[in-house]
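Working notes for the structure below.
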Amino acid sequence: MAGGFIESSTEARLIVSRSPLVSFGRSLDYLVRYPHGCVEQTTSAVFPQLYFTDLVRDMKMPGGATENNPNYNVMQAIIKLQSMQMGNGALAYWQGGGYESWYGSVYATHFLLEARKAGFDVDQNVLNKLYNYLISMLSERRTETYYYNSNQQKEVAPREVSYSLYVLALAGKAQMSSMNYYKANLTSLSLDARYMLASAYALAGNKAAYQQILPKAFSGEIAESVTGGSFYSYLRDESIALNTLLEVDPANPQVNEMAKHISEQIKQQTYMNTQECAFSFIALGKIARKNKSNNATATVYVNGKPVGSCAEKNAVVNLKDLTGKKVSITASGTGNVYYFFTSEGINKSGTFKEEDKYMAVRKTFYNRNGTVINPASLKQNDLIIVKISVVGTTRKNIENVVITDMLPAGFEIENPRLSSTAECAWIKTFYTPQHTDIRDDRINLYTDVNNYPKEFYYMVRCVTKGAFRMGPVSADAMYNGEYHSYHGGGRVVID
């Protein structure tokens, strides 16, 4: 395995389990590792961990014992989410302030309710303020343009409306007047929203209204994927609809059909965002947990020698060095066993593909006088102004883009929020990101991308002599992996 990778960076493991969820281990691994911490992603990373503790532990995340402890992860997420509450009861999209997020607030409320049901301590005052916020938002009768079936659109109530009604009903605070309003205006709801409204009625004890509103099948609408707002997509919408059915009517004939369809979509998807991963994983996991008849066992062999077995617990086998070795699995008993194999490492060559898909990001180095400088000819203690510019190459506004600039080892961030000052009067235009995340080895800037350039600046100091490899600056839409740009790697030399 280590042939093309730095040997010390390689990892490889095989997990064998009775649970079919292990075959979607890539989705869970991606979800728990996702490196950005807005309210949606904080919630998505831990929501499945309420239900699938063994599988999370077996994934063995790179953070070690802490990140491999689902209970610890859930508790830390609860503390963080509670700290994000604003004066009006909403949760801020980013920790530390900023703008409120209706979808993030209802999503986090859903998680906090489930966490409390699972035995975690959740502040009731925080929940009460969230309930009041959701109720206040329902009174506004908002609409938004919904894009679906490739070329169709219509005005509908935002997904936040139906989701808020469902979560409030789940909390025992059904808003009957708002529910009745949308029951009388079903054409103003998207397909998944009708499932949520129907389930809200079921939770409120009105089975007749539930049966009346519930669609006969999840068909007729294929939502276009969006990068902001409620982050709706076809896969996410069907997954959240299935979750509501599993809560109020798990024996419904639609459940198995929807689960099969979601499984097929996951296998076909090359990229899944955090919403799609979280809701599909939770729904399929709930179904898998109900299957008690499986008593299959399995044994993993390496070169004919048994190295692990799966029965009540998963088999987890470290396969870091596979060169010249044969791995096999034998199974017996009633039921199926599933496996997940993952391997990773850092590429020795350091090569990458420069590519602009729907946007273009670029990085330029300047001295403090505004003169462009060569990163291969720097001096120790130099101050460098880094300009990062990004522009969309399509007319479409791209929301929730993260720009990541990895620092060469010889650099240290001096001023991460450089703007037009007396020292840098040549900087005439600059933008303030929605959020900035500063780490030892990188800076992350979060912004929306439009069809006009946005420029961001920060200052670094050359602290260590030597020749260093510089990675590309990257821009990625966090909720649609097709929208990305990678550019500008190379060498940095500090004398």
Side-chain angles (χ1 to χ4, degrees), residues 2 4-11 33-37 62-63 344-356 359-391 401-419 421 423-424 426-427 430-431 433 435-447 449 453-476 478 484-495:
F5 298 94
I6 299 172
E7 186 172 356
S8 61
S9 74
T10 59
E11 289 288 342
R33 291 179 187 234
Y34 202 71
H36 308 295
E344 61 185 60
I346 299 174
N347 193 327
K348 282 181 179 179
S349 69
T351 58
F352 66 94
K353 182 180 180 180
E354 283 196 347
E355 186 174 52
D356 295 328
M359 56 182 155
V361 67
R362 299 293 185 266
K363 176 170 65 176
T364 310
F365 290 166
Y366 297 88
N367 65 20
R368 66 178 66 197
N369 297 318
T371 303
V372 175
I373 56 177
N374 182 357
S377 181
L378 303 173
K379 300 294 184 182
Q380 189 177 32
N381 209 39
D382 279 353
L383 281 174
I384 299 169
I385 312 300
V386 182
K387 181 181 82 172
I388 296 176
S389 62
V390 63
V391 63
V401 172
V402 56
I403 300 170
T404 299
D405 192 18
M406 300 289 293
L407 299 177
F411 282 3
E412 188 175 274
I413 293 178
E414 181 87 2
N415 184 348
R417 295 178 176 87
L418 191 66
S419 61
T421 64
E423 186 179 29
C424 302
W426 54 272
I427 299 177
F430 60 92
Y431 284 82
H435 181 70
T436 303
D437 178 17
I438 303 158
R439 308 187 185 186
D440 290 341
D441 63 344
R442 75 195 68 187
I443 183 168
N444 293 321
L445 309 172
Y446 301 86
T447 185
V449 172
K454 288 185 175 181
E455 297 174 346
F456 306 93
Y457 294 86
Y458 71 100
M459 183 183 289
V460 297
R461 187 178 292 275
C462 300
V463 294
T464 306
K465 290 184 177 182
F468 307 96
R469 189 180 298 276
M470 177 173 64
V473 60
S474 65
D476 293 275
M478 293 188 288
H484 59 256
S485 176
Y486 312 119
H487 189 273
R491 278 169 53 87
V492 168
V493 177
I494 303 173
D495 293 326

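In this text the structure is predicted, and so the values were computed from the model without any measurement. Just so it is clear, the values below take in all heavy atoms, side chains as well, and ignore hydrogens, waters and symmetry mates.
When all heavy atoms of Gln380 and Lys465 are compared, the closest pair comes out as OE1-CE, 3.3 Å. Smallest separation of non-hydrogen atoms from Ala409 and Phe468: CB-CD2, 3.7 Å. Nearest heavy atoms, Glu412 versus Val463: CB-CG1, 3.8 Å.
Taking CD of Glu414 as the start and CG of Asp382 as the end, the distance is 11.5 Å to the nearest 0.5 Å. Of the inter-residue distances, the one linking Leu378 atom CG with Phe411 atom CZ reads 5.0 Å to the nearest 0.5 angstrom. The distance from the CE atom of Met459 to the CD1 atom of Ile385 is 3.5 Å, given to the nearest 0.5 Å. One finds the CD1 atom of Ile427 at 9.5 Å from the OH atom of Tyr366 (value rounded to the nearest 0.5 Å). Distance check, rounded to the nearest 0.5 Å: OG1 of Thr447 to NE2 of His435 gives 13.0 Å. From Met406, atom CE reaches atom CG of Asn444 across 9.0 Å, with rounding to the nearest 0.5 Å.
Put simply, the side chain of Arg442 does not reach to within 4.5 Å of the side chain of Pro35, judged on heavy atoms. Using a 4.5 Å cut-off on side-chain heavy atoms (C-beta onward), Val401 and Val390 make no contact.
For Thr436, the side chain to side chain contact (heavy atoms under 4.5 Å, CB included) partners are Arg417, Pro433, Ile438, Ile443, Leu445, not counting sequence neighbours. When the ring pair (Phe, Tyr, Trp, His ring centres under 6.0 Å) test is applied to Tyr34, the partners found at least two apart in sequence or on another chain are Tyr30, His36.
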Would you give me the side-chain donor-acceptor pairs under 3.5 Å for residues 485-495, sequence neighbours excluded?
residue: Ser485; atom: OG; partner: Asp356; partner atom: OD1; Å: 2.6
residue: Ser485; atom: OG; partner: Val361; partner atom: N; Å: 3.0
residue: Tyr486; atom: OH; partner: Asp476; partner atom: OD1; Å: 2.6

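Note on ring orientation: taking the six-membered ring where Trp is involved, the planes of Trp426 and Tyr457 are perpendicular (angle over 60°, cut-offs 30° and 60°).
In this structure, the side chain of Asn374 engages the main chain of Ala376 through a donor-acceptor pair within 3.5 Å.
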| request: I would like to know whether Val386 and Phe365 meet side-chain contact (heavy atoms from CB on, under 4.5 Å); could you show each step before the answer? | output: CA-CA 5 Å; Val386 182; Phe365 290 166; 3.8 Å; yes
